[in-house]
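FYI, side chains are in, hydrogens and waters are out, and symmetry mates aren't considered; it's all heavy atoms of this structure. No experiment lies behind these values; they were computed from the predicted model shown. Remember, it's 1-based here, ligands and their atoms both numbered in the order they're listed.
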Amino acid sequence: MKIAVIGSNMVDLTSYIQRMPIPGETLEAPDFTLGCGGKGANQAVAAAVCGADVMMMTKVGSDIFADNTISNFKKYGIDTTYVQKVVGVSSGVAPIFVDENGQNSILIIKGANSKLLPADIDAAEYDLRACGLIILQLEIPLETVYYAIAFGQKHHIPVLLNPAPATKDLDIRQVCACEFFVPNESELAILTGMPTETQDDVEKAAASLTRRGLKNVIVTLGGRGALWMTETEKKYVAAYQVRAVDTSGAGDAFIGCFASCYAREHDVLGAMKQASAFAAISVTRKGTQMSYPSREELSEFLRNNEPPHVL
Ligand code: RIB
């Protein structure tokens, strides 16, 4: 079953910092990496690495980054038929700051990603209809996201929406047709206007979404694991305990791996467990896509570690 990712790509410029400079200050940072990123692209790469047949729909600019982004997709065996160059616009870029605890702060400049429009979905209708799962995020125009969800509904293709970066402009009524809605805890707080500090807070906020019609809400909670909530059930998958050096792209790692496993086996909990392992390995390494393990490394990790508890 082919997976279509309709979403963003970015060039990640990651600075590893001890602290942010104050206005007017120049500060030396110990390290830097340059890599391919963007939530859509990261999820596509993670799904492909985990064995899925992936098609990417995205737009790059007319600059030095474009060809590298396209060849990076090809390197992972991702179908780039619908990766288009836009003349006169920059590629998406993301300056990322990672602190000494591995926590990240990200700025995004969407560039060509803002030019991915509903008409592009129409133009790819024939190939999209052959896909068994569509993955979306919010680094492309909202109208395109809503259109892709309606397209999935019309053609009976399940849709997974990662509402990131979260915006209060997201109209929950327009995304209720998604099969999976996968925020992290801070995105959940923004989208619901509710606190998400404690487990109880997270459950209440997730339940407010299932009450509004979202079928499967999966909240990624970093070191606290992941919560799967439906209208009638809730399950926690605990996190693997690892030492995080860079958490950027970990949510995308989880989603791409989850999608790949779910598309193959249709087992939500099984897919969450594998995704949790894949994301855990990624946070022990620097960068976003460049931190993702190979399939062999994932299998070895799963062999050497007890499966996470499910509560
Ligand atoms: O989720 C991590 C991603 O967010 C980074 O790769 C960056 O490009 C931004 O899109």
(request) For Asp79 and Thr81, run side chain to side chain donor-acceptor pair (under 3.5 Å): C-alpha distance rounded to whole Å, both residues' side-chain angles, the deciding distance at 0.1 Å, then the answer. (result) CA-CA 6 Å; Asp79 180 349; Thr81 308; 2.5 Å; yes
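- Looking at residues two or more places apart in sequence or on another chain, you find no side-chain hydrogen bond (donor to acceptor under 3.5 Å, both in side chains) involving Tyr76.
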Please produce the table of protein N or O atoms sitting under 3.5 Å from N or O atoms belonging to ligand 1, one pair a line, distance to 0.1 Å.
unit_1, atom_1, unit_2, atom_2, d
ligand 1, 1 (O), Lys39, NZ, 2.9
ligand 1, 1 (O), Asp252, OD2, 2.7
ligand 1, 4 (O), Lys39, NZ, 3.0
ligand 1, 6 (O), Asp12, OD1, 3.3
ligand 1, 6 (O), Asp12, OD2, 2.6
ligand 1, 6 (O), Gly38, N, 3.0
ligand 1, 6 (O), Asn42, ND2, 3.0
ligand 1, 8 (O), Asp12, OD1, 2.5
ligand 1, 8 (O), Gly38, N, 3.0
ligand 1, 10 (O), Lys39, N, 3.4
ligand 1, 10 (O), Glu139, OE1, 3.2
ligand 1, 10 (O), Glu139, OE2, 2.6

Side-chain donor-acceptor contacts of residues 152-163 below 3.5 Å, not counting sequence neighbours, with atom names and distances?
unit_1, atom_1, unit_2, atom_2, d
His155, ND1, Arg129, NE, 3.4
Asn162, OD1, Gln43, NE2, 3.0
Asn162, ND2, Val182, O, 2.8

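- Sorted by first then second residue, the ring pair (Phe, Tyr, Trp, His ring centres under 6.0 Å) pairs that include residues 281-300, not counting sequence neighbours, are Phe278-Tyr292.
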(message) One pair to check against salt bridge (Lys or Arg N to Asp or Glu O under 4.0 Å): Glu179 and Lys215. What are the steps and the verdict?
(response) CA-CA 6 Å; Glu179 186 71 17; Lys215 203 167 157 195; 3.0 Å; yes
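- Taking every heavy atom of both residues into account, Ala239 and Ser276 meet most closely at CA-OG, 4.2 Å.
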